[in-house]
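Letters go in sequence order (proteins before strands), and every chain restarts at 1. Model, not experiment: these values are computed from the prediction.
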2 protein chains.
Amino acid sequence: MKRLETDECGFASALNAISGKWKMGILWEVTLQPRRFGELRRLLPGVSEKVLAQQLREMEADDLIRREVFPGAVQKVEYSVTDFGRSLNEAVDALSRWGKEFEKRQERKAMVA
Amino acid sequence: MKRLETDECGFASALNAISGKWKMGILWEVTLQPRRFGELRRLLPGVSEKVLAQQLREMEADDLIRREVFPGAVQKVEYSVTDFGRSLNEAVDALSRWGKEFEKRQERKAMVA
DNA sequence: GTAAGCGCTCACCCCAAGGTAAGTGGTTTT
DNA sequence: AAAACCACTTACCTTGGGGTGAGCGCTTAC
């Protein structure tokens, strides 16, 4: 992903971390519990393997999630949320609540129309 | 702008309102004080007239800003923030603060590398 | 022995957001 | 008379994020 110029704007920086179609979904899933690659595939219907792998890498680089390889005959990789990732979830909370309000308004408009 | 399916996720709804390269910039500027079209052009260096007009329309439809035409010989149109738009600014605040934290981390990483 | 699961990577394609540049219909300045 | 400001609109083009489908190296189940 190309990064925006942030020029001291916190919001633009935050966007750099969360923009990516599946990132917030991934963050949410690994917050509930650690997840494996194939598991995430199934939990996020519509995501392609390419993009899933890509966004997991970026989120790992941004320290939002942790990637752990477990030894053993069959490959096992687990993704879990970091403390920093958790803090993002909290920061997003207010915006989510606002979003619900927005949603209600949109529905009201749709009713009238 | 194409709208995402929100399926009861407040965050996705919020994204529908704020995604648009210049929307948060516009919101910020009209929050400081009412602005005219040409003024916004100058305040947001890089925005094209097409996209500015487009995003202003969408934000008006979403009730984030208000458009007022002033009578007179020369055209005068003013855009100002609505109460609902103000509430979005507040909701974005926590995320902006998180973004600043994120920015610091990125800088630290860049230092080491 | 072959199919299916694991966690990926790679080459290719599509599409919508956004940029470019020109035009519109008016007024005002020089 | 020409140029410049006002608030836009329109046709065209570019860009890059994300989807598709195949392949890889390995292991386990049928």
Summarise how protein sits on nucleotides 1-6 of chain D as a single string, 5' to 3': B when a protein heavy atom is under 4.0 Å from the base, S for sugar-phosphate-only contact, - for no contact. -----B
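Distance A:L52 CG to D:dG18 C1': 13 Å, rounded to the nearest Å. Rounded to whole Å, the distance from CG on A:L56 to P on D:dG18 is 13 Å. Atom pair A:Y79:OH and C:dG7:P shows a separation of 8 Å (rounding to whole Å applied). Protein atom CD of A:E78 is 14 Å distant from nucleotide atom C1' of C:dG7, rounded to whole Å. In this structure, the CZ atom of A:R35 is 14 Å from the P atom of C:dC6, given to the nearest Å. Per the geometry, CD belonging to B:Q54 stands 18 Å off P belonging to D:dA7, to the nearest Å. As a whole-Å value, the separation of B:L44 CG from D:dA7 C1' is 16 Å.
The 5' end of DNA chain D is approached more closely, in terms of each residue's nearest nucleotide, by A:K50 than by the other of A:K50 and A:A73.
Comparing C:dA17, D:dT20, D:dA11 by their nearest atom to the side chain of B:M1 picks out C:dA17.
For B:K76 and B:E68, the salt-bridge test fails: no basic side-chain N is under 4.0 Å from an acidic carboxylate O. A salt bridge is absent between B:D93 and B:R86; no separation between the charged side-chain nitrogens and carboxylate oxygens falls under 4.0 Å. Salt-bridge annotation for B:K104 and B:E107: absent, with no side-chain N of the basic residue lying under 4.0 Å from a carboxylate O of the acidic one. Using a 4.0 Å cut-off between charged nitrogen and carboxylate oxygen, A:R108 and B:D63 do not count as a salt-bridge pair.
Contact record, B:N16 with B:K23: O-NZ, 4.5 Å, taken as the closest heavy-atom pair. The heavy-atom pair separating A:Y79 from A:R57 by the smallest distance is OH-NH2, 4.2 Å. Between B:D62 and A:Q106 the shortest heavy-atom distance is OD1-OE1, 3.8 Å.
For A:K2 against D:dG17, a side-chain-to-base donor-acceptor contact under 3.5 Å is absent.
Interface residues of residues 59-66 of chain A facing DNA chain D, ordered by number: none; criterion, heavy-atom separation under 4.0 Å. Taking a 4.0 Å limit (strictly below) on heavy-atom distances, residues 17-26 of chain A does not reach DNA chain C anywhere.
Residue contacts for A:F70: at a heavy-atom cut-off of 4.0 Å it reaches no nucleic acid atom on any strand shown. Within 4.0 Å of B:R41, counting heavy atoms only, lies no atom of the nucleic acid at all.
Inter-residue side-chain proximity for A:L88 and B:F102 is flagged as unmet; no heavy-atom pair is nearer than 4.5 Å.
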Begin with the C-alpha distance, continue with both residues' side-chain angles, and end with the deciding distance and a verdict on side-chain hydrogen bond (donor to acceptor under 3.5 Å, both in side chains) for A:R66 and A:T82. CA-CA 6 Å; A:R66 193 180 304 117; A:T82 61; 5.4 Å; no
As a quick check of understanding, evaluate salt bridge (charged side-chain N to carboxylate O under 4.0 Å, His left out) for A:E78 and A:R36, giving each step before the final call. CA-CA 5 Å; A:E78 236 181 41; A:R36 302 179 59 177; over 6 Å; no
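Contact between the side-chain N/O atoms of A:R67 and the OP1/OP2 oxygens of C:dG7 is not found at any separation under 4.0 Å. In this model, the phosphate group of C:dG18 is approached by a side-chain N or O of B:Q55 to a distance below 4.0 Å at OP1 or OP2.
Residues A:N89 and A:T31 bring a donor and an acceptor atom of their side chains to less than 3.5 Å of each other.
A cation-pi contact links A:R105 to B:F84, judged by a cut-off of 6.0 Å to the six-membered ring centre and 45° from its axis.
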